[in-house]
Structures are given as structure tokens and as C-alpha cells.
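A short write-up of the structure that comes next.
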Amino acid sequence: MDLSYHVDWPAAEAHLRAFWAGERLSRPPMYLTVPKPEDQRTAAPVPSSGEEKYFDKGFLLRNAEATLGNRWFLAEALPTCSTAMMAGWLPVYGGRITADWDTVWIHKSFRSWDEAPDWERDWDDSGWRQLVETIELLVESSAGRFFVGLPPLLTPNDLLSVLREPKTFLTDLVDEPDLVKSALQQMTLNMLRMYEALCAIIHRRFEGIHHHYPVWCPEPLITVQSDVSCMLSPAMFEEFII
């Protein structure tokens, strides 16, 4: 696998393979980058809106080319397109997203469980299709220069909590536990389906994978988290999250 934005990717890849295999290393893996001299840099594009900054695939490609091409990547630093990370929040079961200059907001999408999305089918919404198109463009346009990794799909518990609104989600754990569990189980299957689909696109040109932490791994890799769990008791964490 060639990544021309790295000064010696074959050596970095060998070091990371040894790290994941648990071999004894002469030093730990390191993430080191150095800015190029100003006369060798390309000006990064300026977005016209938060929507363009986070979701426009053409802008994301131009920004990746500029920001990655303006640095030397050393040691095990992975030249990767991280500008598409927030695009991983696009699949929201038909819900509504607002992007401003600093972040992305997912709005409450159903007020009662009678209005809930079809958890088996609605994952394949316009946001998911936009994410697929974005990753496809980045992968095909990387041209051996930089890596394209997995954007951080929101884990089911955190996504459901914002689609329902966190305060309401917490009372649902008491009032509608079976509906919550059923939704989370199906959403987990959907997330795995999306994970596999995105990996298949990435593997058209690349070996291995990385998630939103820029650490390359030769095997499937994912991070799991539960932000909403900071408001749960240990028993509810065990029941609904674990």
C-alpha cells in the first residue's frame, strides 16, 4: 500500500504490524508530523458554511489534499482524511441535522414511540447515501497519497438518545424499556451493516483500517463508547448498554 504523503510508509506499516502482533519493539509507535516550509504549502480552502465544512464531499476532498499535503508525516503518523469525520453523523434514520461553524447537531425526531422510525429499514436514509458517496469519492480520489478511514458512526445508545432527546430517553429506560432494547438491538445490527459496507469501499484501494483515532491497523478495528452512560446507574448501564 502506497501513501506518498508519508516519507516512508512501508517502514511505518511494518512497525505497526509488529505493534498489533504484540512483538517487542525498539520504540513505541509515534505520531509525528512537521509542517512544510511556507513556499511548499497550498492554501486550505475556506468553507462558506458549516454544511459545506462538514458534509460537502468536494470541499472535504480539497481540504484533505491541502492540509495533508502541507505536512511531512513521519514515524507511524498516518496521512489520513480526517476532514470527513463529522460526515459519519449523517445517517440519522431520516432525522434532521444542523451544521454550524463549530459542530453538528442532531435534532429530536420523534415525540412518541408510535412515531418512531422503522428501525429495520430507515437506516438507509439520504444521510447514509450521502456518507457512502463521500467515502467513495475520497477513496477513489486519494490516488495513493493519503488513507481514508472509517468515520465515527454514532453508537446506537448515543444516537437513540439524541433522536429521542436525552431527557426523554432517560425516562424511556424506566417507562418503555422493551421498546428501547428492541430499538438498540436493531440499530446495532444496522451499525455493523454500515461498518461492513464502508470497509468494503475502503478496501477497494487500501489494506487495513483506522477509525477516528489515526492509528492504522491491519485487522478490523472499531471504537465503542457511550456518552449517555454518564447519566445512568451501574445497573442500567449493564442492562441497556453492555
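Counting begins at 1 with the first residue of the sequence.
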If we ignore hydrogens and angles and just use 3.5 Å, is the side chain of S182 paired with the main-chain N or O of D178 as donor and acceptor? no
Is a side-chain donor or acceptor of H107 paired with a backbone partner of G95 at a separation under 3.5 angstrom? no
So do I106 and W89 actually touch side chain to side chain, heavy atoms under 4.5 Å? yes
ILVMFWY cluster, L68 and L74 together (side-chain gap under 4.5 Å): no
What heavy-atom pair brings T67 and A44 nearest, and what distance separates the two atoms? CG2-CB, 4.3 Å
Indicate yes or no for a side-chain donor-acceptor contact from Y54 to the backbone of W101 under 3.5 Å, with no hydrogens or angles considered. yes
Check the surroundings of atom CH2 in W105: do more than 12 heavy atoms from other residues, nucleotides or ligands lie under 6.0 Å from it? no
Is the shortest side-chain N to carboxylate O distance from R129 to E133 below 4.0 Å? no
Any donor-acceptor pair under 3.5 Å linking the side chain of H6 with the backbone of F146? no
Might you confirm whether atom OH of Y31 has over 12 heavy atoms from other residues, nucleotides or ligands at distances under 6.0 Å? yes
Just checking R41: does its CZ atom have more than 12 heavy atoms from other residues, nucleotides or ligands closer to it than 6.0 angstrom? yes
Taking C-beta and beyond as the side chain, do H15 and P29 meet within less than 4.5 Å on heavy atoms? yes
How about CZ on R96, more than 12 heavy atoms from neighbouring residues, nucleotides or ligands closer than 6.0 Å, or not? no
So which atom in G88 and which in P151 form the shortest heavy-atom distance, rounded to 0.1 Å? CA-CB, 3.6 Å
Within a strict 4.5 Å, meaning less than it, do heavy atoms of the V92 and L154 side chains meet? no
F147 side chain reached by R205 side chain, heavy atoms, under 4.5 Å: no
W119, F110, W123 screened by ring pair (Phe, Tyr, Trp, His ring centres under 6.0 Å) with Y93, the one that passes: W119
Should the pair E52-K57 be classified as a salt bridge under the 4.0 Å nitrogen-to-oxygen rule? no
How long is the span from the CZ atom in F73 to the CG atom in L3, to the nearest 0.5 Å? 10.0 Å
Sequence neighbours excluded and cut-off under 3.5 Å, please list the side-chain donor-acceptor pairs for residues 227-239, or say none.
unit_1 : atom_1 : unit_2 : atom_2 : d
D227   : OD1    : Q225   : NE2    : 3.4
S229   : OG     : S226   : O      : 2.6
S233   : OG     : M236   : N      : 3.1
E239   : OE2    : K181   : NZ     : 2.7

Can any side-chain N or O of N70 pair as donor or acceptor with the backbone N or O of A66 at less than 3.5 Å? yes
Taking 4.0 angstrom as the limit, do E165 and R111 come out as a salt bridge? no
Electrostatic pair R164:E176 at N-O distance under 4.0 angstrom: no
Does CD in E115 sit with more than 12 non-hydrogen atoms of other residues, nucleotides or ligands closer than 6.0 Å? yes
Just by distance, no angles: are the side chains of R71 and T33 close enough, under 3.5 Å, to form a donor-acceptor pair? yes
Measuring from atom CG of L25 to atom CG of L16, what distance do you get when rounded to the nearest 0.5 angstrom? 9.0 Å
Do F169 and V180 come close enough that some side-chain heavy atom pair is under 4.5 Å? yes
